[in-house]
Every structure is written in C-alpha cells, then in structure tokens.
Amino acid sequence: MKKDLLTVNDLTTEEIEQVLERSSWLKKAQKDGIVHHPLKGKSLGMIFEKSSTRTRVSFEVGMYQLGGQALFLSPADLQMGRGEPVSDTAKTLSRYLDGIMIRTFAQSMVEELAQHATIPVINGLTDLHHPCQALADLFTVLEHRGALKGLTFCYIGDGNNMAHSLIEACVKVGMHVSLACPAGYAPDAGIMREAKQVAKRTGAELGLTDDPKKAVKDADVVYTDVWASMGQEKEHGLRVKAFVGFQVDEKLMKLASPKALVMHCLPAHRGEEISAAVIDGPQSVVFDQAENRLHTQKAIMEMLMG
Ligand code: CP
Ligand code: NVA
C-alpha cells in the first residue's frame with residue numbers, strides 16, 4: 001500500500017529514526033561523490049500554491065540526485081487553478097507520476113489529494129504542518145548533539161505550522177518541548193493533546209507558557225519562526241504588537257544552556273522574531289538546517305517512492 005507524509009505523525013518513532021539514519025548515509029554519499037540512483041526513471045510532481053526557495057530547490061535537486069526528475073507545477077498553469085476538482089487532479093497525476101509534493105494552504109486539501117492519489121503524497125507545507133522541515137531539523141540537532149532523547153527543545157513565537165510539526169517530531173523521539181507563545185497564538189489544542197499522549201509513551205515533557213524567559217531556561221535548542229506566516233501578511237502589524245517581548249535576542253539566549261543551538265526554518269525577519277546578532281552568531285545552525293532539507297527529503301522519497 002502507498003504511504004503518504006502529510007504530518008509527522010504519519011511516521012512511527014522507528015520510521016523517523018530510519019529517516020534520520022538514512023539522511024546521514026545519503027549526506028555522506030553525496031559528499032563522497034557516490035552515484036546513487038534508486039529512483040531512476042521516476043518522476044515527482046511538485047505543486048506550489050505558496051512561494052518557496054528551500055523546499056522547491058531541495059526537492060528538485062534531491063530527485064535529480066536520486067536518478068529521477070521533478071516537475072514544477074504552478075497553480076497558474078494547472079487546470080486545478082481553473083476549478084478542476086482536486087480528486088480528478090489526483091487521479092490524473094497518479095497515471096503519470098510516482099509521487100506528488102504539494103505546498104498549499106488548507107491541510108484538508110492535501111488530505112483530499114492523498115485520498116484520491118494512488119501514489120505517495122508529501123506535504124511541503126500547509127497552514128497547519130511542515131513535516132519535511134521538522135524531520136530535517138531533528139537530523140540537524142542529531143548531527144550537532146549526537147543524540148536526541150532527553151534534550152530540551154524550546155520554541156518561542158507563533159504556534160504555527162512549524163510549531164505543530166516540531167512538537168509532533170520532538171515528542172516522538174523523546175525530546176522535551178518547552179513552548180512560549182503569546183496569548184491567542186498558542187498551538188492547535190488537538191495537536192497539543194495528541195502530543196501529550198505520545199509524550200507519555202516516550203518519556204518527553206511538553207510545556208506551554210506565555211513567558212519566553214521561563215520557556216528558554218536551560219534549553220538545548222532555541223527555535224523560532226516568523227510572526228506572520230505566508231497567507232497572514234495582512235495581520236503583520238497586529239502580530240508585531242502581539243509578539244513584543246518574544247524576540248530571540250542575546251539577552252534571552254543567556255538564559256538557555258550556554259551551548260544551545262539556535263534554529264530557524266527560514267526565511268527569517270531579522271529584528272522581529274530573531275535578532276541579527278543571534279541568527280548570524282556562532283550558535284546558529286540555520287544553514288545546516290537548510291542544507292539538511294536536501295538529505296532528509298532524499299531519505300523520505302527513497303522510503304515512500306523507492
Ligand atoms: N523553510 C522552508 O520551507 O523554506 P521555503 O519556504 O523557502 O521552502
Ligand atoms: N511559518 C512559515 C514557515 C515558512 C517555511 C510560513 O508558513 O510562512
């Protein structure tokens with residue numbers, strides 16, 4: 001049966017570990033110049049209804065490196081943009097392609113696409129989830145720290161798609177998650193509830209506060225993301241006011257563990273959610289995160305499309 005990656009929770013803890021292990025192998029193989037073409041002759045369709053730098057380039061290059069090819073499908077060109085049903089699009093694309101990666105607004109749209117497609121569907125970001133980024137982020141932490149279980153992962157800012165996928169990913173591998181979000185910007189209650197259940201099984205702790213100073217205390221990783229995500233541009237002014245005191249700056253970083261990793265999925269707004277000194281400082285691993293999208297997504301595509 002085909003398998004999709006619509007949320008991190010589509011993977012078991014063991015499957016996540018397998019992806020991380022494989023990412024490491026694929027990264028080394030690529031650096032050593034080893035030709036590895038498990039997806040030779042296969043094609044990935046990439047539907048983008050929102051902008052992208054990292055996701056588009058890393059999926060396209062990743063597919064090429066695995067011996068296959070990727071097609072960029074813009075909604076402006078697809079008949080879907082003119083009202084063709086998602087179900088018909090899914091059934092049609094399934095006759096040509098071996099996988100679909102989609103970046104869009106509603107999670108329900110990705111679910112509908114996956115339901116009607118007979119090939120794997122990979123979520124390249126929705127308003128609710130960003131699983132590929134969260135898996136690449138686990139790999140980045142693993143590379144820098146050597147292990148994940150028992151580390152404290154602090155997320156400061158908007159309880160958005162990034163927060164949701166990170167919560168799911170961290171608790172699954174037994175990392176403690178400490179969140180600070182302003183009132184009204186907390187993560188989805190259902191996702192938190194489910195994560196608490198998983199956390200019980202893996203021994204992780206999951207905490208939420210509106211005080212960044214409390215959340216960041218002794219953290220091993222400090223992560224933040226933009227205050228206004230794609231599609232929320234009109235709320236930017238309102239959000240800048242609501243997020244006062246939530247900037248990850250040098251003062252806040254003093255409260256974290258001295259060697260804490262600074263992480264951000266990018267694109268970043270220096271001077272808003274993070275100061276330039278911190279994101280461009282010695283503790284920042286943001287470009288390792290960006291690079292690791294390539295390796296982790298190759299592992300995901302191998303697993304789902306191989
Ligand atoms: N982090 C991330 O998904 O970046 P893009 O929006 O550039 O793809
Ligand atoms: N939360 C951000 C993530 C971008 C990769 C957004 O959705 O715009």
Side-chain angles (χ1 to χ4, degrees), residues 5-8 23 44-63 70 72-75 100-110 122-141 155-169 179-182 184-188 191 221 223-236 238-240 242-243 246-248 261-270 272-274 279 284-298 300-301:
L5 177 63
L6 309 189
T7 74
V8 171
S23 306
L44 175 78
M46 309 188 299
I47 304 173
F48 280 96
E49 300 198 314
K50 290 178 176 174
S51 306
S52 170
T53 296
R54 282 145 286 269
T55 306
R56 177 176 175 182
V57 177
S58 56
F59 265 106
E60 194 162 333
V61 170
M63 200 55 199
F72 176 74
L73 304 168
S74 125
I100 302 172
M101 185 249 95
I102 176 160
R103 166 169 288 196
T104 188
F105 295 86
Q107 181 73 16
S108 58
M109 200 274 215
V110 176
I122 301 172
N123 180 353
L125 181 146
T126 61
D127 292 345
L128 212 58
H129 292 278
H130 197 2
C132 297
Q133 180 72 52
L135 292 167
D137 293 338
L138 286 188
F139 178 49
T140 304
V141 176
Y155 179 93
I156 309 270
D158 190 18
N160 60 12
N161 45 10
M162 209 51 262
H164 295 151
S165 288
L166 287 168
I167 291 166
E168 290 186 352
L179 299 139
C181 308
Y185 296 93
D188 178 85
I191 290 174
V221 177
Y223 201 114
T224 190
D225 184 18
V226 290
W227 290 340
S229 285
M230 288 182 277
Q232 298 172 333
E233 289 80 4
K234 284 204 189 101
E235 294 175 33
H236 184 256
L238 182 79
R239 284 171 170 265
V240 166
F243 284 82
F246 282 76
Q247 184 182 97
V248 175
L261 300 175
V262 169
M263 300 182 75
H264 191 307
C265 59
L266 303 177
H269 293 165
R270 288 170 175 77
E272 287 190 14
E273 75 275 6
I274 192 159
I279 196 168
S284 171
V285 295
V286 297
F287 296 107
D288 291 342
Q289 290 177 259
E291 175 183 338
N292 285 337
R293 292 291 301 278
L294 172 68
H295 310 300
T296 307
Q297 286 160 194
K298 282 168 71 178
I300 293 166
M301 289 191 286

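Order of listing sets the numbers, starting from 1, for every ligand and every atom in it.
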Contact (N/O only, under 3.5 Å) between Lys50 and ligand 2: no
Between Gln107 and Asn123: side-chain donor-acceptor atoms closer than 3.5 Å: yes
Contact atoms of ligand 1, heavy-atom distance to Leu266 under 4.0 Å: 1 (N), 2 (C), 4 (O)
Audit row: Val248, Tyr223, side chain to side chain contact (heavy atoms under 4.5 Å, CB included) steps and yes/no: CA-CA 8 Å; Val248 175; Tyr223 201 114; over 6 Å; no
Mode of Met162 contact toward ligand 2 - side chain, backbone, both, neither (heavy atoms, under 4.0 Å): neither
Under 3.5 Å donor-acceptor, Glu272 side chain and Val226 backbone: no
Distance-only N or O hit between ligand 1 and Cys265, under 3.5 Å: yes
Residue part near ligand 2, for Leu125, under 4.0 Å between non-hydrogen atoms: side chain
Worked verdict on Met301 versus Phe59 for side chain to side chain contact (heavy atoms under 4.5 Å, CB included): CA-CA 9 Å; Met301 289 191 286; Phe59 265 106; 3.8 Å; yes
Any Asp188 side-chain heavy atom under 4.5 Å of His164 side chain: yes
Polar side chain donor-acceptor pair, Thr224 to Glu273, under 3.5 angstrom: no
Value rounded to 0.5 Å, distance of NZ in Lys50 from CE in Met230: 5.5 Å
Ligand 1 contacted by Lys50 (non-hydrogen, < 4.0 Å): no
Proximity to ligand 2 by part of Asp158, non-hydrogen separation under 4.0 Å: neither
Part of Arg56 within contact of ligand 1 (heavy atoms, under 4.0 Å): neither
Residue and atom name of the nearest protein heavy atom (relative to atom 4 (O) of ligand 1), distance in Å to one decimal: Arg54 NE, 2.8 Å
4.0 Å heavy-atom contact, Arg103 with ligand 1: yes
Tyr185 and Phe246 aromatic centres sub-6.0 Å: no
Top protein contact for atom 7 (O) of ligand 2, by heavy-atom distance: Asn161 ND2, 2.8 Å
Beyond-backbone contact of Thr296 with Ile300, side-chain heavy atoms, under 4.5 angstrom: yes
Where ligand 1 meets Thr53 - atom numbers and elements under 4.0 angstrom, heavy-atom basis: 5 (P), 7 (O), 8 (O)
Shortest protein heavy-atom distance from atom 3 (C) of ligand 2, along with the residue and atom involved: Asp225 OD2, 3.6 Å
Proximal ligand 1 atoms for Arg293, defined as those under 4.0 Å from one of its heavy atoms: 1 (N), 2 (C), 3 (O)
Subset of ligand 1 atoms that lie under 4.0 Å from at least one heavy atom of His130: 2 (C), 3 (O)
From CA spacing to verdict: side chain to side chain contact (heavy atoms under 4.5 Å, CB included), Arg56, Met101: CA-CA 9 Å; Arg56 177 176 175 182; Met101 185 249 95; over 6 Å; no
Any Met263 side-chain heavy atom under 4.5 Å of Val141 side chain: yes
N or O contact, Arg103 vs ligand 2, cut-off under 3.5 Å: no
Per-atom contacts, ligand 2 versus Leu266 - under 4.0 Å to a heavy atom: 5 (C)
Residue Asn160 vicinity, atoms of ligand 2 by number, heavy atom under 4.0 Å: 1 (N)
Any Asp127 heavy atom less than 4.0 Å to ligand 2: no
pair Asn160-Gln232: side-chain heavy atoms closer than 4.5 Å: no
Those atoms of ligand 2 less than 4.0 Å from some heavy atom in Met230: 6 (C), 7 (O), 8 (O)
